[in-house]
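Sequence lines set the chain letters: A, B, ... in the order given, protein chains first and strands last, and positions in each chain run from 1. All values below come from the heavy atoms of this structure, side chains included, with hydrogens, waters and symmetry mates left out. All of these numbers come straight from a predicted model, not from anything done at the bench.
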Amino acid sequence: MPIMNHVIMPDSSLDFLNPKQREAVDYFGGPLLILAGAGTGKTKVLTTRIAHIIQTQRALPHEILAVTFTNKAANEMRERILPFVSGTNAMWMGTFHSIGLRILRRHCEAVGLRSNFTVLDADDQLRLVKQIIKASGLDEKRHPPKVALNSINLLKDRAISPLTTDLRSYRDPKTNRFISAWIVDTYIAYQQRLQILNGVDFGDLLLHCITLFQQCGDILERYNQQFKFILIDEYQDTNVAQYLWLRLMSQGGAQVCCVGDDDQSIYGWRGAEVDNILRFEQDFQGAKVVRLEQNYRSTSHILGAASGLISHNKGRLGKELWTEVDGGEKVDIRCVYDSEEEAITTVGALERLYKSGYPLNETAILVRASHQTREFEERLIVCGLPYRVIGGMRFYERQEIRDALAYLRLVNQVNDSLAFERIINTPRRGIGESSLNIMHNVARSQGVSLFDAANQLIETDELRTQARTVLRGFLEDVRRWQRKAQELPPAELAQVVLDESGYTAFWKNETTPDAPARLENLKELVVALEEFSTLEGFLEHVSLVMEVTQKDLGPQITIMTLHSAKGLEFGTVFLPGWEEGMFPNQRALEESGTDGLEEERRLAYVGITRAKEKAVITYATMRRMYNQIQHNLPSRFLSELPESHVIWHNRLQRHQPFQTMRRSGNSYKEKPNQSSQAFGDFDFNQEMSGMRHTGMKLVYHKKFGMGKVVRLEGDKADVHFEEFGLKKVLNSFLTEV
DNA sequence: ATCCTCGCTTGTAGT
DNA sequence: AAGCGAGGAT
């Protein structure tokens with residue numbers, strides 16, 4: 001028996017828990033669902049429970065599997081447990097993706113992958129889908145790669161793969177529609193290409209695991225025996241594939257403990273199924289549910305406002321958050337003229353806070369859409385206040401970083417054809433599309449990688465002389481770098497590769513204004529590499545952890561999207577852009593109707609509950625969108641906030657009903673009767689999304705609204721838009737979804 | 001092969 | 001407004 005001294009946490013730490021929290025930490029009678037509302041000490045309960053498992057349940061760290069939603073959350077959890085538990089490293093802690101990858105690395109052959117398979121990111125995925133669509137002779141306009149990729153990803157979220165499901169007879173459970181044939185074909189071709197490339201995408205990390213478990217009972221049994229305790233955080237954000245994965249993982253009798261808050265489910269668009277948490281008691285026999293409802297974060301006004309808002313949602317498990325902290329300030333709702341005034345007043349308020357000594361790292365501006373950040377940034381620069389933007393373009397998503405990584409991937413694994421393709425002509429070497437096509441043909445016909453194909457082609461005269469010479473030199477370079485990789489540490493190797501390949505020089509010669517910044521980023525990449533002892537380890541790291549730890553630059557205002565704010569808290573929170581169309585977001589309503597609206601409302605709930613002391617909401621009467629002026633109504637969420645917890649400033653007197661806001665409110669849903677009359681049996685809820693034809697008669701155009709197709713000829717259509725009395729010829733706008 | 005310009009489209013969230 | 005692809009010019 002191993003020595004049971006992993007926990008040095010004093011028993012008395014349980015004293016800091018309230019009875020409910022204690023129950024959530026202590027219960028080991030079977031499956032457990034902890035319904036933890038916002039700010040109820042969820043993280044504390046989770047970490048204490050893990051320590052408690054080791055201490056009282058005599059479990060070893062490696063018998064615990066803890067799955068979090070983000071890598072950040074996993075790291076935070078590890079850090080919190082570290083002081084109390086030794087052997088934390090043996091614990092299986094991470095995201096579904098990172099744990100799936102860890103398992104796949106061990107058993108890749110069993111699911112037809114060779115060792116050293118690469119993990120594709122969103123960018124790689126899209127390029128692959130583009131290639132496939134091009135190769136099958138489809139018009140990219142009518143068959144947008146993005147649409148296909150989105151469908152593929154959503155199918156994977158539901159664990160639907162062409163291997164196990166007949167996609168042609170599969171109906172989308174939400175819309176009850178078949179998947180378009182071209183998407184099915186693309187999906188099938190995409191999986192084949194992945195197989196050839198020896199790559200997996202994010203969805204595959206789980207899907208392959210599921211296949212593995214289903215096909216190799218002995219492997220599954222090993223994991224079933226290993227894991228005695230399974231904890232899943234943010235359970236409301238799990239998708240079907242993750243649910244199936246959990247079922248398999250826990251079927252050996254592991255203690256399952258899921259933690260989540262149905263009111264904070266905001267990732268439906270990415271395949272998350274709130275149903276998973278709503279169904280927990282049925283899915284896991286004899287499950288116990290513990291509700292954490294005492295909020296320690298916010299004042300009663302903030303909590304009251306948030307609770308009032310979320311109570312408008314149906315289909316909740318129902319929680320009643322309460323706090324002992326009474327009073328505080330009411331939520332401000334401020335009307336501004338336009339986005340400029342919004343930025344000025346918000347930053348003005350921040351400036352006053354700053355001057356009064358309020359810590360800036362306790363302030364945040366939480367926006368609905370990332371493009372809203374720009375105006376605030378500009379204003380903050382003018383006022384000289386320090387800020388940081390979280391999200392947006394991440395470090396490892398930048399072009400120069402992805403190029404550099406492609407070089408490193410190629411050196412690490414010459415058969416990484418995606419990497420090869422990315423950098424073979426970056427910087428320009430005179431190996432363009434035609435040469436690449438020849439290589440592709442050879443690679444495809446012989447079933448080899450681009451590198452091997454290139455290797456053959458330099459011996460023949462199929463390529464032009466110049467291309468052949470250059471290619472020969474390049475292949476030799478790669479081999480040389482590979483040899484150097486044996487002796488040099490990764491950081492030095494990267495420097496050598498970037499310099500010798502001419503990539504550094506390429507950016508030095510570039511005269512565009514952002515070139516210096518890109519060179520800086522490359523330097524940072526090399527610095528980031530210094531922490532790793534092997535190139536492989538680093539590449540593994542970046543394939544999943546797409547973030548780089550930021551330097552601490554002192555107190556800063558945080559600007560981020562509402563989505564990325566989940567799980568965080570700030571003293572004062574600014575919530576701009578609460579207008580119909582913006583928030584709730586127009587597309588969310590169009591694409592998902594009532595469900596979409598409820599998800600938006602949960603997002604609003606998340607936003608308000610981030611605030612500890614103060615929340616300030618603004619809405620603009622006018623906004624420049626899509627290069628035209630729009631007059632928006634205040635968000636319906638504002639009127640759903642209980643009057644007793646809010647103060648309105650400059651409240652609009654002229655409160656127009658939705659019906660009159662045909663264009664600006666864009667709330668077509670509000671007038672179904674009228675529309676049905678005007679357009680016969682047209683079903684708005686089903687047909688709102690994008691532009692598409694319905695029986696060649698009617699289309700919905702994002703910009704122009706409803707229109708009648710008066711003539712249809714090939715890709716062109718004459719559409720008459722009633723509302724504007726304008727006749728417009730649209731080309732290839734009939735997007736099939 | 002590469003550069004450059006024009007015109008068209010798109011514009012929620014992000015492991 | 002900005003990014004992308006197509007197509008023409010070099």
Side-chain angles (χ1 to χ4, degrees), chain A residues 67-74 94-101 119 121-123 125-126 130 134 139-141 144-147 150 153 156-157 201-203 205-206 233-234 237-239 241-242 265-272 366-375 390-394 396-397 399 425-436 463-464 466-467 470 543-547 560-566 577 581-592 596 599-600 602-603 606-607 623-628 630 689-691 701-703 730-733 735:
Chain A
V67 188
T68 57
F69 192 62
T70 62
N71 284 298
K72 208 179 141 210
T95 60
F96 279 102
H97 287 151
S98 66
I99 288 170
L101 179 61
V119 182
D121 62 22
D123 208 76
Q125 278 187 295
L126 190 60
K130 261 187 197 164
K134 248 186 205 157
D139 176 7
E140 284 188 53
K141 292 236 166 77
K146 273 187 187 162
V147 172
N150 198 264
N153 283 335
K156 288 192 172 190
D157 286 338
D201 61 24
F202 280 170
L205 291 175
L206 274 177
D233 194 10
E234 308 283 14
D237 288 324
T238 50
N239 58 36
Q242 290 161 342
S265 159
I266 53 175
Y267 283 99
W269 51 274
R270 212 169 61 189
L366 306 182
V367 297
R368 173 64 183 85
S370 53
H371 64 79
Q372 285 172 268
T373 59
R374 211 200 71 240
E375 213 140 358
I390 312 269
M393 182 65 99
R394 262 175 290 290
Y396 289 114
E397 281 169 18
Q399 183 196 335
N425 205 26
T426 313
R428 302 266 127 86
R429 296 191 174 86
I431 302 175
E433 213 183 310
S434 49
S435 307
L436 194 59
L463 293 172
R464 296 184 335 157
Q466 188 213 350
V470 174
S543 66
L544 289 180
V545 186
M546 295 296 268
E547 59 197 82
M560 62 167 105
T561 62
L562 287 162
H563 279 90
S564 45
K566 193 172 70 164
M582 294 276 291
F583 193 33
N585 181 278
Q586 184 64 25
R587 266 184 70 182
L589 298 187
E590 283 173 7
E591 284 170 15
S592 318
E599 184 156 309
E600 293 285 295
R602 291 193 289 267
L603 196 51
V606 167
R623 207 173 275 277
R624 226 177 278 274
M625 279 171 93
Y626 314 147
N627 220 12
Q628 59 182 185
Q630 286 212 347
S689 94
M691 307 173 275
H701 188 285
K702 276 184 217 166
K703 211 159 171 181
L730 295 175
N731 295 326
S732 58
F733 71 106
T735 305

Roughly, in whole Å, what's the span from [atom1] in [X] to [atom2] in [N]?
{"X": "A:Q242", "N": "B:dG14", "atom1": "CD", "atom2": "P", "result": "17 Å"}
{"X": "A:E591", "N": "B:dT10", "atom1": "CD", "atom2": "P", "result": "13 Å"}
{"X": "A:D123", "N": "C:dC4", "atom1": "CG", "atom2": "P", "result": "10 Å"}
{"X": "A:R270", "N": "B:dA13", "atom1": "CZ", "atom2": "P", "result": "12 Å"}
{"X": "A:R428", "N": "B:dC3", "atom1": "CZ", "atom2": "C1'", "result": "9 Å"}
{"X": "A:F69", "N": "B:dA13", "atom1": "CZ", "atom2": "P", "result": "15 Å"}
{"X": "A:L366", "N": "B:dA13", "atom1": "CG", "atom2": "P", "result": "14 Å"}
{"X": "A:K146", "N": "B:dT9", "atom1": "NZ", "atom2": "P", "result": "14 Å"}

Remember a base hit wins even if backbone is also touched, and classify [X] as base, sugar-phosphate or nothing at under 4.0 Å, heavy atoms.
{"X": "A:K130", "result": "sugar-phosphate"}
{"X": "A:A369", "result": "sugar-phosphate"}
{"X": "A:S435", "result": "sugar-phosphate"}
{"X": "A:D237", "result": "nothing"}

Quiz item: Parallel, tilted or perpendicular for A:Y267 and A:F69, by the 30°/60° rule?
Solution: tilted
Quiz item: A:S370 side chain N/O closer than 4.0 Å to the phosphate oxygens (OP1, OP2) of B:dA13?
Solution: yes
Quiz item: Under 4.0 Å between a side-chain N or O of A:N153 and OP1 or OP2 of B:dT15?
Solution: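 Answer is no, no contact under 4.0 Å.
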Is any side-chain heavy atom of [X] closer than 4.5 Å to a side-chain heavy atom of [Y]?
{"X": "A:D123", "Y": "A:E397", "result": "no"}
{"X": "A:W269", "Y": "A:E599", "result": "yes"}
{"X": "A:V67", "Y": "A:I99", "result": "yes"}

Quiz prompt | Inter-nucleotide C1' distance (B:dA13, C:dC4), Å rounded | solution =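 Pairwise C1' distance, B:dA13 against C:dC4, rounds to 23 Å.
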Self-check item: Out of B:dT2, B:dA1, B:dG14, whichever nucleotide has its closest atom nearest the side chain of A:R464
Solution: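 Between B:dT2, B:dA1, B:dG14, the one nearest the side chain of A:R464 would be B:dA1.
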Quiz item: Which nucleotide, B:dT2, B:dA13, B:dA1, lies nearest any side-chain atom of A:H563?
Solution: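 Looking only at side-chain atoms, A:H563 lies closest to B:dA13.
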Quiz item: CZ of A:F202 to CG of A:D157: how many Å apart, nearest 0.5 Å?
Solution: 12.5 Å
Practice problem: Verify the stacking flag for A:W269 against B:dA13: centroid separation must be under 5.5 angstrom and the ring planes must differ by under 30 degrees. | Solution: yes
Quiz item: With nearest nucleotides of DNA chain B determined for A:R429 and A:H97 from heavy-atom distances, which residue corresponds to the more 5′ nucleotide?
Solution: A:R429
Quiz item: For A:S434 and A:S564, take the nucleotide of DNA chain B holding the closest heavy atom to each; which residue's nucleotide lies nearer the 5' end?
Solution: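 Nearer the 5' end of the strand: A:S434.
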